[in-house]
Amino acid sequence: MLMTAGTLLAACAVAPGELSCTDLAQARADGQFERESALLEQQEQGLPDKSEVQRIFIAMDAQAYRVEVYDECLRRQGPARQEN
């Protein structure tokens with residue numbers, strides 16, 4: 001829980017105007033997806049079967065993370081800067 005909160009706060013630490021909340025959220029989600037996929041690849045190295053189900057869960061987690069980062073970014077910007 002603390003790690004998630006810290007990650008969300010760090011995700012919103014970009015100076016205002018550098019990235020939109022949409023771009024920031026997508027970049028963070030892409031990074032998470034890449035890290036988790038790389039870890040799965042390491043675990044599966046040398047195994048004959050690859051876990052497609054695990055890859056689907058990684059993609060779902062990244063999507064959920066994207067939504068969390070986006071919502072947190074909008075909250076930090078306040079109602080005046082919210083994107084439609």
Side-chain angles (χ1 to χ4, degrees):
M1 185 70 158
L2 289 174
M3 187 172 157
T4 301
T7 303
L8 285 174
L9 291 174
C12 297
V14 174
E18 285 187 22
L19 289 175
S20 70
C21 287
T22 301
D23 293 338
L24 174 65
Q26 189 62 53
R28 299 294 176 160
D30 289 348
Q32 176 182 331
F33 179 82
E34 291 300 320
R35 284 187 302 277
E36 289 186 15
S37 294
L39 289 173
L40 181 61
E41 286 295 323
Q42 286 178 350
Q43 291 174 350
E44 293 180 335
Q45 216 168 26
L47 297 177
D49 296 322
K50 304 297 181 193
S51 175
E52 288 305 313
V53 172
Q54 186 65 27
R55 283 169 174 62
I56 291 169
F57 284 134
I58 289 171
M60 290 169 58
D61 285 346
Q63 176 64 17
Y65 181 63
R66 187 194 65 74
V67 171
E68 288 178 31
V69 171
Y70 179 78
D71 290 345
E72 181 63 25
C73 182
L74 289 181
R75 269 192 293 281
R76 289 183 163 275
Q77 288 183 352
R81 298 245 353 221
Q82 287 188 358
E83 299 171 349
N84 293 326

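- Taking all atoms of both residues into account, the shortest heavy-atom contact from A62 to A29 is O-CB, 3.3 Å.
- Note that the CZ atom of R76 and the CD atom of E72 stand 5.0 Å from one another [nearest 0.5 Å].
- Every residue was checked against the side chain to side chain contact (heavy atoms under 4.5 Å, CB included) condition with E34, not counting sequence neighbours, and none meets it.
- Judged by distance alone, with hydrogens and angles left aside, the side-chain atoms of R28 form no donor-acceptor pair with the main-chain N or O of L24 at under 3.5 Å.
- Rounding to the nearest 0.5 angstrom, the gap separating the SG atom in C73 from the CD atom in E68 is 13.5 Å.
- Residues meeting the side chain to side chain contact (heavy atoms under 4.5 Å, CB included) test with L40, sequence neighbours left out: Q43, E44, Q54, R55, I58.
- The hydrophobic cluster containing F57 also includes V53, I56, M60, under a criterion of side-chain heavy atoms closer than 4.5 Å among ILVMFWY residues, counted directly or through chains of members.
- Between the CD atom of E41 and the NZ atom of K50 there is a distance of 6.0 Å, given to the nearest 0.5 Å.
- In terms of hydrophobic clustering, with Ile, Leu, Val, Met, Phe, Trp and Tyr side chains grouped at heavy-atom distances under 4.5 Å, F33 and L19 are assigned to different clusters.
- Grouped with L47 in a hydrophobic cluster is no other residue, since no side-chain heavy-atom contact under 4.5 Å to another Ile, Leu, Val, Met, Phe, Trp or Tyr is found.
- For D30, the side chain to side chain contact (heavy atoms under 4.5 Å, CB included) partners are Q26, not counting sequence neighbours.
- L39 belongs to no hydrophobic cluster, as no Ile, Leu, Val, Met, Phe, Trp or Tyr side chain comes under 4.5 Å of its own.
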